[in-house]
2 protein chains.
Amino acid sequence: MEAASEPTLQDSISDRLGYVLRRASGVMMGALGVALAEIGLRPVEATILILVGANTGCTQSEISRLLGIKRANMVPLMAGLVNKRLIERYPVDGRSFALSLSPEGAAQRDAADAIMLAHERRFEALFSGAEIEALRAALTRIAQLDPTAQE
Amino acid sequence: MEAASEPTLQDSISDRLGYVLRRASGVMMGALGVALAEIGLRPVEATILILVGANTGCTQSEISRLLGIKRANMVPLMAGLVNKRLIERYPVDGRSFALSLSPEGAAQRDAADAIMLAHERRFEALFSGAEIEALRAALTRIAQLDPTAQE
DNA sequence: TATTGTTATACTCTATAACTATA
DNA sequence: TATAGTTATAGAGTATAACAATA
């Protein structure tokens, strides 16, 4: 056996949980990015559309907090979606805006949602239903350890 | 119940596998970054030290391929470690270098390894042994879907 | 005094194209 | 012709500090 053309490296790292977690995340996000690029959206933009659609009237600070994105970094993100006429802003407060999806935004949200669901299904197909639920639960448990310093 | 000071957003996204995977990865890498900063290393640097230590004489291109990092991006990374006298380079080829750990590099590798092991244990403590193995296996299965375009 | 949205800025990570020298 | 290392560069993502207007 061992028809390796070059002596394969001793891989003393890919048995580590943190490493495989990082690699798995990269693979899944990369595939989602490719899939969403077909409708001109990045994963974070699709996520924002979905959240605004489910929370009409919310503010961009609320979205920021939920996604763990700093307020300052949300500014160009939201401006881009408003610029593309996918999200509309109406003042509520004098200092904050109520967000909502435009008709085009709702259509893009639906398209993004369909792509994301198909994407999830493609990865879930690797596992049994019980395995998927165990995986989701374990990842959620880890994610909830987030100190969420958030500024 | 519900002592929410502001109407909590409908979170229609954190049940998605890709999203929790990305968040869990961020939490774990963030914690590892904090832990490794105490010895002046970033996670990727610690990983390189471990791999070079386990593969004395390997080249930086081999490390790049194993980690899925582009050759061009490995250059400043390796230069930094050589600059810190943690890794030594000897020409083997006229165009490539054999990498090895300096004594200081081996000491740093040992320190990094101890930190990384303690870090893994802290997260593994959240689960049973069977859960951990299932999680590791599932993540490895996803990570191996990597198209590994690699340039 | 705290919060919202904002600007400016910087650092990391990643990606591509192109070059050189060697194999 | 393919590979190793390199340079330059550009795009994301994320971090902080500071400001004006408002609550």
Side-chain angles (χ1 to χ4, degrees), chain A residues 5-6 9 19 22-23 25-27 29-34 36-37 40-48 57-83 87 89-99 146-151, chain B residues 5-6 19 22-23 25-27 29-30 32-34 36-37 40-48 57-83 87 89-99 146-151:
Chain A
S5 59
E6 76 175 56
L9 290 195
Y19 184 74
R22 184 181 169 284
R23 290 300 291 261
S25 170
V27 167
M29 289 304 296
L32 181 59
V34 168
L36 284 172
L41 290 179
R42 286 173 295 161
V44 65
E45 293 176 316
T47 303
I48 292 170
C58 69
T59 68
Q60 96 184 32
S61 281
E62 289 171 329
I63 300 287
S64 295
R65 273 189 295 270
L66 184 57
L67 293 180
I69 295 175
K70 299 254 182 288
R71 268 175 14 259
N73 296 327
M74 183 57 83
V75 173
L77 226 41
M78 193 59 72
L81 293 170
V82 170
N83 232 42
I87 287 182
R89 282 195 275 212
Y90 296 100
V92 278
D93 208 28
R95 73 178 172 182
S96 58
F97 301 90
L99 303 175
D146 198 345
T148 311
Q150 191 74 7
E151 195 163 1
Chain B
S5 58
E6 75 175 59
Y19 184 74
R22 183 180 170 285
R23 289 301 291 262
S25 170
V27 167
M29 290 303 298
L32 181 59
V34 168
L36 284 171
L41 290 179
R42 285 172 297 162
V44 67
E45 293 177 316
T47 304
I48 293 171
C58 69
T59 68
Q60 95 185 35
S61 282
E62 290 172 327
I63 301 288
S64 296
R65 274 190 294 271
L66 184 58
L67 293 180
I69 295 175
K70 299 251 181 291
R71 268 175 16 260
N73 295 328
M74 183 59 82
V75 173
L77 226 41
M78 192 59 73
L81 294 170
V82 169
N83 232 42
I87 287 184
R89 283 195 275 212
Y90 296 100
V92 278
D93 206 29
R95 72 177 173 181
S96 59
F97 301 90
L99 303 175
D146 198 345
T148 311
Q150 193 70 13
E151 192 164 6

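Because the structure is predicted, anything quoted here is derived from the model rather than measured. All values below come from the heavy atoms of this structure, side chains included, with hydrogens, waters and symmetry mates left out. Convention: sequence-line order gives letters A, B, ...; per-chain numbering from 1.
- Listed by chain and residue number, B/L36, B/P43, B/M116, B/H119 satisfy the side chain to side chain contact (heavy atoms under 4.5 Å, CB included) test with B/L32 (two or more places apart in sequence, or in another chain).
- If you measure from atom CZ of A/R89 to atom C1' of C/dG5, you get 9 Å, rounded to the nearest angstrom.
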Return the polar atom pairs (N/O with N/O) between nucleotides 11-13 of chain C and the protein under 3.5 Å, or none.
from, atom 1, to, atom 2, distance (Å)
C/dC13, OP2, B/R42, NH1, 2.4

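- Atom CG in A/N73 sits roughly 12 Å away from atom C1' in C/dT6 (whole-Å rounding).
- For B/R95 against D/dG5, a side-chain-to-base donor-acceptor contact under 3.5 Å is absent.
- Taking all atoms of both residues into account, the shortest heavy-atom contact from A/S61 to A/R71 is OG-CD, 3.5 Å.
- Remark: P of C/dT4 and CG of A/L99 are 13 Å apart, rounded to the nearest angstrom.
- Checked against side chain to side chain contact (heavy atoms under 4.5 Å, CB included), A/V92 has the following partners two or more places apart in sequence or in another chain: A/S96, A/A98.
- For the OP1/OP2 pair of D/dT3 and a distance below 4.0 Å, the side-chain nitrogens and oxygens of B/R65 include no atom meeting the criterion.
- Mapping A/M78 and B/V92 onto DNA chain C by nearest heavy atom places A/M78 closer to the 5' end of the strand.
- Not counting sequence neighbours, the partners of A/R95 by the side chain to side chain contact (heavy atoms under 4.5 Å, CB included) test are A/D93.
- Partners of B/A72 under the side chain to side chain contact (heavy atoms under 4.5 Å, CB included) rule, at least two apart in sequence or in another chain, do not exist in this structure.
- A close approach under 4.0 Å does not occur between any side-chain nitrogen or oxygen of A/S61 and OP1 or OP2 of C/dT3.
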